[in-house]
Trainee: 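Shown below is the structure under consideration.
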Amino acid sequence: MKKETKENMVKTLNIIAKDRKRTNILKSSEQKLIAYLVQKIPMWINSDGLTAIGFFGNFMVASSIVLGAFFSRYWLLLSIIGFTVNWFGDSLDGRIAYYRNKPRKWYGFSLDVTVDWIGTILIGLGFMIYAQGAWKYLGFLFVVLYGWQMITAQLRYKVGGQYSIDSGIFGPTEVRIILGAIFILEVFFPGSIYYLVALATAFLIYANVVEAKKLLNLADIRDEEEKRIKAEAIQSQQRENA
């Protein structure tokens with residue numbers, strides 16, 4: 001029985017890894033957990049339902065920040081549940097489709113990017129409501145930089161043909177953990193959120209510049225490859241006409 005379970009896990013891991021390259025620190029344990037969960041999700045929950053669950057998680061995070069601003073900063077602890085719910089929905093929506101052999105590659109890709117972007121905007125707006133003075137601009141800057149990262153990921157997919165949601169060793173899961181830790185620290189050390197978000201924003205700037213450089217190198221390589229293929233096609237045509 002254990003052998004059968006192990007074989008099912010290996011098979012599931014291969015299925016859910018289709019069309020996606022992961023480089024984040026937690027990729028091994030995360031993929032195993034996802035492979036386990038997709039086998040347990042009830043059939044009445046589909047990919048769109050999981051996307052909705054993921055979006056609700058982001059809405060919870062944004063709400064926790066707003067509630068923390070107007071009532072008590074202890075409401076920020078609600079964001080931990082929100083990040084967990086978001087991880088569950090966002091990580092499983094596309095993988096469940098592949099596991100059930102009902103992928104909608106471009107529909108799912110378009111919906112996922114759109115919903116993630118709206119969720120990021122909500123969290124950024126929540127921070128701008130919570131923050132005081134010039135610190136409000138950090139929320140705007142964070143959203144802009146995260147958007148840049150999303151655009152880079154999509155361009156990398158277009159140019160390289162393989163979709164990666166990670167920036168080096170950091171992926172969405174690591175970002176959720178870091179943001180959750182920042183909110184926890186803010187509860188017990190008021191005001192620390194500003195400096196920690198500033199540090200996270202500085203890291204995003206660095207990561208975006210590095211990933212943009214890699215993207216341009218990848219694009220340059222593809223340009224050279226296409227020129228080579230075109231030149232070979234012209235030479236082949238000339239030989240045929242000779």
Trainee: Less than 3.5 Å apart, which donor and acceptor atoms pair up between the side chains of residues 131-147 and the rest of the protein, not counting sequence neighbours?
Mentor:
unit_1: Lys136; atom_1: NZ; unit_2: Met128; atom_2: O; d: 2.7
unit_1: Lys136; atom_1: NZ; unit_2: Ala131; atom_2: O; d: 2.8

Trainee: Please report the shortest heavy-atom distance between Gln154 and Val113, naming the atom on each side.
Mentor: NE2-CG1, 3.3 Å
Trainee: So does Phe109 have more than 12 non-hydrogen atoms from other groups sitting under 6.0 Å from CZ?
Mentor: yes
Trainee: Is it true that Asp90 and Arg95 have a side-chain N and a carboxylate O under 4.0 angstrom from each other?
Mentor: no
Trainee: For Lys214, is there an ion pair with Glu211 - N to carboxylate O distance below 4.0 angstrom?
Mentor: yes
Trainee: Do the side chains of Leu92 and Leu37 get nearer than 4.5 Å, heavy atoms only?
Mentor: yes
Trainee: Determine whether Pro190 and Arg73 make a side-chain contact, defined as any pair of heavy atoms from C-beta on separated by less than 4.5 Å.
Mentor: yes
Trainee: To the closest 0.5 Å, what do you measure between OG (Ser63) and CG (Asn58)?
Mentor: 10.5 Å
Trainee: What distance separates Phe55 CZ from Leu111 CG, expressed to the nearest 0.5 Å?
Mentor: 11.0 Å
Trainee: Any link between Leu33 and Val38 through a network of hydrophobic side chains (Ile, Leu, Val, Met, Phe, Trp, Tyr) touching at under 4.5 Å?
Mentor: yes
Trainee: Cluster question for you: counting only ILVMFWY and a side-chain heavy-atom cut-off of under 4.5 Å, with indirect links fine, are Met43 and Leu50 together?
Mentor: no
Trainee: If Ile, Leu, Val, Met, Phe, Trp and Tyr residues are connected whenever their side-chain heavy atoms lie under 4.5 Å apart, and connections chain through other members, are Tyr157 and Ile221 in the same group?
Mentor: no
Trainee: For Asp93, does its backbone N or O pair with a side-chain atom of Ser47 as donor and acceptor, under 3.5 Å?
Mentor: yes
Trainee: Considering residues at least two apart in sequence or located in another chain, which fulfil the side-chain hydrogen bond (donor to acceptor under 3.5 Å, both in side chains) criterion with Trp87?
Mentor: Glu30, Ser91, Thr173
Trainee: If we ignore hydrogens and angles and just use 3.5 Å, is the side chain of Ser236 paired with the main-chain N or O of Glu232 as donor and acceptor?
Mentor: no
Trainee: For a quick test of reading the model, state the closest non-hydrogen atom pair linking Asn46 to Gly49 and the distance between them.
Mentor: OD1-N, 2.8 Å
Trainee: In plain terms, say whether Glu226 and Arg222 are close enough for a salt bridge, that is, a side-chain N and a carboxylate O under 4.0 Å apart.
Mentor: yes
Trainee: Flag yes if Met150 and Leu218 sit in one hydrophobic cluster, no otherwise; membership is Ile, Leu, Val, Met, Phe, Trp, Tyr, and two members link when side-chain heavy atoms are under 4.5 Å apart.
Mentor: no
Trainee: Testing the basics here: between Ile41 and Arg100, what is the closest heavy-atom pair and its distance to 0.1 Å?
Mentor: O-NH2, 3.2 Å
Trainee: As a quick check of understanding, evaluate side-chain contact (heavy atoms from CB on, under 4.5 Å) for Ile193 and Phe127, giving each step before the final call.
Mentor: CA-CA 10 Å; Ile193 191 171; Phe127 180 84; 4.0 Å; yes
Trainee: Could you measure the distance from the OG atom of Ser29 to the CD1 atom of Ile34? Nearest 0.5 Å is fine.
Mentor: 9.5 Å
Trainee: Can you measure from CZ (Phe189) to CD1 (Ile182) and round to the nearest 0.5 angstrom?
Mentor: 14.0 Å
Trainee: Does the side-chain contact (heavy atoms from CB on, under 4.5 Å) test come out yes or no for Leu199 and Phe203, once each step is laid out?
Mentor: CA-CA 6 Å; Leu199 185 63; Phe203 175 78; over 6 Å; no
Trainee: Report yes or no: does Arg156 contribute a side-chain atom to a donor-acceptor pair with the main-chain N or O of Leu215 at less than 3.5 Å?
Mentor: no
Trainee: State the CE-OG1 distance between Met60 and Thr84, to the nearest 0.5 angstrom.
Mentor: 8.5 Å
Trainee: Apply side-chain hydrogen bond (donor to acceptor under 3.5 Å, both in side chains) to Glu224 and list each qualifying residue two or more places apart in sequence or on a separate chain.
Mentor: none
Trainee: Less than 4.5 Å apart, any side-chain heavy atom of Leu77 and any of Phe183?
Mentor: no
Trainee: Go through Phe56 and Asn86 one step at a time and tell me if the side-chain contact (heavy atoms from CB on, under 4.5 Å) criterion holds.
Mentor: CA-CA 7 Å; Phe56 179 70; Asn86 175 254; over 6 Å; no
Trainee: May I ask you to check whether Asp48 and Tyr107 show a side-chain donor-acceptor distance below 3.5 Å?
Mentor: yes
Trainee: Kindly give the heavy-atom pair with the smallest separation between Leu78 and Ser64, and that separation in Å.
Mentor: CB-CB, 3.7 Å
Trainee: What are the two closest non-hydrogen atoms of Val66 and Gly126, and how far apart are they?
Mentor: CG2-CA, 4.1 Å
Trainee: Nearest 0.5 angstrom please: Ser110 OG to Trp106 CH2, how far?
Mentor: 8.0 Å
Trainee: A quick test of your reading: do over 12 heavy atoms of other residues, nucleotides or ligands sit less than 6.0 Å from CH2 of Trp117?
Mentor: yes
Trainee: Are Ile121 and Ile151 connected, step by step, through hydrophobic side chains (Ile, Leu, Val, Met, Phe, Trp, Tyr) whose heavy atoms are closer than 4.5 Å?
Mentor: no
Trainee: Looking at Leu122 and Ala62, what are the two nearest heavy atoms and their distance?
Mentor: O-CB, 3.5 Å
Trainee: Is a donor on one side and an acceptor on the other found under 3.5 Å between the side chain of Asn208 and the backbone of Leu204?
Mentor: yes
Trainee: Tyr130 and Glu186: side chain to side chain donor-acceptor pair (under 3.5 Å), yes or no, with the steps?
Mentor: CA-CA 11 Å; Tyr130 183 89; Glu186 173 65 12; 2.6 Å; yes
